[in-house]
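Keep in mind that the numbers below use all heavy atoms, side chains included, and drop hydrogens, waters and symmetry copies. This one's a predicted model, so the numbers in the text were calculated from it and none came from an experiment.
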Amino acid sequence: MTESSEWLIYRGAGEPHDGIERLPSPPPWRDFTSRDAAGSGDGSEDRRLGAHRHLAELHRPGAEELEMINAALYLRRPLLVTGSPGAGKSTLAHSVAYELGLGNVLRWSIVSRSALQDGLYHYDAIARLQDVQIAAQGGFGAAGGSPGAVEGIGSYLRLGPLGTALLPSDTPRVLLIDELDKSDIDLPNDLLNVLEEGEFAIPELERVADRLPDGEAEVLTADGVKVRIRDGRVRCRAFPFVVLTSNGERDFPAPLMRRCIHLELGRPDHNRLATFVRAHLGDEAARAGDDLITRFLERSRSELLAADQLLNAIYLTDAAAPPSRDRLADLLVQRLDRPR
């Protein structure tokens, strides 16, 4: 193997080999092992804020950014954060949750098919019907405690991220509704009433509330925790800190905009990017990649780039140390707005 190919794990030689054993540890933002450790949460904190955040000053928000975040906290209003990809929109939610001790961030990643129901709860009517049929064949009928019985209806229901965030609690949860601009045209309007009232109904539970013990059903949250819901309604006590992010690909209706605090994140400067790299990869990698940060900033003046691409380039050129460092960095940091 030549010197130029020593860093390659997969060689395309068509012969089995043990090269996978040379694969180094994953970059911190792609390391999922921490969520296996007891009591360590889901690992999203390290992936979002950086495993080396104690070595960095971490992101120090500007005055306007701080003011808008605190305005949303004080007013109990959603924070709509817009900006280019990789500007730190999603990280902001994790930063607030970490600093204020508000637990793991509840994340609802929006796609074109997302509907309000997905964020609130999911009811598995088919599974319940199957259990009722199986119980009937076994001679149990609809007796209390049998599969599919009214008393066990909560077993077929799971709250979504938005539904979990609205559970009554003394301190607010942090909810990230990511890339709302990817949704269909109706979702922003569908969110209005729930975000305004801080409550929602679960009709499947409301219909049978009078037949449930104390009118309560035990359901799973998006966190995987069992909670009891009374009378089929979820009502928050502390309104969650809701962060809606958008890449600016569409405009939102005025009713949603007037219910939100709007924060526009500008293009990061050299110091902010260096701090971002330092938080994820440490001081040494940030110093070694300083030239890549400078080149990234120069290109970003005329091209749409994401900070995630910069992290990938600095990590790989540092960890694998390929001889064609600059060429590989350019391949990893390709403009996102180029014609297809």
Side-chain angles (χ1 to χ4, degrees), residues 42 44-45 48-49 61 64-83 87-111 114-121 159-184 186-202 221-223 225 227 233-265:
D42 62 2
S44 61
E45 193 177 275
R48 287 288 175 180
L49 296 180
E64 181 181 342
E65 192 173 332
L66 273 176
E67 288 166 355
M68 292 298 98
I69 293 170
N70 281 280
L73 285 167
Y74 271 83
L75 297 171
R76 277 70 169 178
R77 288 292 186 184
L79 181 67
L80 174 61
V81 187
T82 56
K89 301 184 297 295
S90 302
T91 301
L92 186 151
H94 290 266
S95 179
V96 171
Y98 174 71
E99 181 173 322
L100 300 183
L102 299 179
N104 291 332
V105 173
L106 294 161
R107 179 169 183 158
W108 183 14
S109 297
I110 302 299
V111 296
S114 296
L116 177 62
Q117 182 79 19
D118 302 322
L120 293 177
Y121 72 94
L159 298 179
L162 176 55
T164 300
L166 291 172
L167 285 169
S169 62
D170 294 329
T171 56
R173 291 297 303 267
V174 176
L175 170 66
L176 172 63
I177 303 180
D178 208 13
E179 299 192 336
L180 184 60
D181 49 341
K182 297 287 194 297
S183 72
D184 72 10
D186 293 321
L187 183 58
N189 283 316
D190 293 343
L191 285 168
L192 295 178
N193 188 62
V194 175
L195 293 179
E196 185 67 22
E197 302 300 331
E199 67 174 323
F200 67 97
I202 302 176
T221 68
D223 297 319
V225 178
V227 297
R233 296 194 72 84
V234 175
R235 297 181 176 93
C236 73
R237 285 202 304 265
F239 188 78
F241 181 67
V242 182
V243 178
L244 306 102
T245 73
S246 167
N247 291 329
E249 295 179 2
R250 62 182 276 197
D251 294 327
F252 294 117
L256 177 68
M257 295 299 293
R258 73 177 178 84
R259 287 172 170 83
C260 293
I261 304 299
H262 185 202
L263 171 64
E264 173 77 28
L265 290 184

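- Within the structure, the salt bridge (Lys or Arg N to Asp or Glu O under 4.0 Å) test picks out the following pairs touching residues 239-252 (sequence neighbours left out): Lys182-Glu249.
- For the side chain to side chain contact (heavy atoms under 4.5 Å, CB included) with Leu176, the lone residue among Val243, Leu92, Val96 that qualifies is Val243.
- Lys89 places no side-chain N or O within 3.5 Å of a backbone atom of Leu265 that could act as its donor or acceptor partner.
- For the pair Ile202/Leu159, a side-chain contact is recorded, criterion being any heavy-atom separation below 4.5 Å from C-beta on.
- The CG atom of Asp118 sits 8.5 Å away from the CG atom of Leu187 when rounded to the nearest 0.5 Å.
- The CG atom of Leu75 sits 11.5 Å away from atom CZ of Phe239, with the distance rounded to the nearest 0.5 Å.
- Here Leu191 contributes atom CG and Ser183 contributes atom OG; the two are 8.0 Å apart, rounded to the nearest 0.5 Å.
- Inter-residue side-chain proximity for Leu100 and Leu73 is flagged as met; some heavy-atom pair is nearer than 4.5 Å.
- The shortest side-chain heavy-atom distance between Asp223 and Arg173 falls under the 4.5 Å cut-off.
- Closest heavy-atom contact between Ala93 and Val105: O-CG2, 3.9 Å.
- Pro168 meets the side-chain contact (heavy atoms from CB on, under 4.5 Å) test with Arg237; sequence neighbours excluded.
- Listed here is the closest heavy atom pair of Gly248 and Asp181: N-OD2, 3.4 Å.
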Quiz item: Between Trp108 and Leu106, is a side-chain contact (heavy atoms from CB on, under 4.5 Å) present by the stated rule, with each step listed?
Solution: CA-CA 7 Å; Trp108 183 14; Leu106 294 161; over 6 Å; no

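- Thr245 places a side-chain N or O within 3.5 Å of a backbone atom of Glu179 that can act as its donor or acceptor partner.
- To the nearest 0.5 Å, atom CZ of residue Phe200 and atom CG of residue Leu116 are 9.0 Å apart.
- The 12-atom threshold is exceeded at CD of Glu199, counting heavy atoms of other residues, nucleotides or ligands nearer than 6.0 Å.
- Under a 3.5 Å cut-off, the side chain of Asn189 and the backbone N or O of Asp186 do not form any donor-acceptor pair.
- Taking OG of Ser114 as the start and CG of Asp178 as the end, the distance is 11.0 Å to the nearest 0.5 Å.
- Residues Ala222 and Thr164 approach most closely at N-OG1, 2.9 Å, considering heavy atoms.
- Residues Leu192 and Arg259 come closest through the heavy atom pair CD2-CD, 3.8 Å.
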Exercise. I would like to know whether Leu256 and Leu80 meet side-chain contact (heavy atoms from CB on, under 4.5 Å); could you show each step before the answer?
Key: CA-CA 10 Å; Leu256 177 68; Leu80 174 61; 5.6 Å; no

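- Sorted by first then second residue, the side-chain hydrogen bond (donor to acceptor under 3.5 Å, both in side chains) pairs that include residues 68-79, not counting sequence neighbours, are Arg77-Glu196.
- Interatomic distance, CZ of Phe241 versus OG1 of Thr171, reported as 14.0 Å (0.5 Å rounding).
- Shortest non-hydrogen contact noted between Pro172 and Leu102 is O-CD2, 3.5 Å.
- Closest non-hydrogen pair, Tyr121 versus Ala201, comes out as CE2-O, 4.1 Å.
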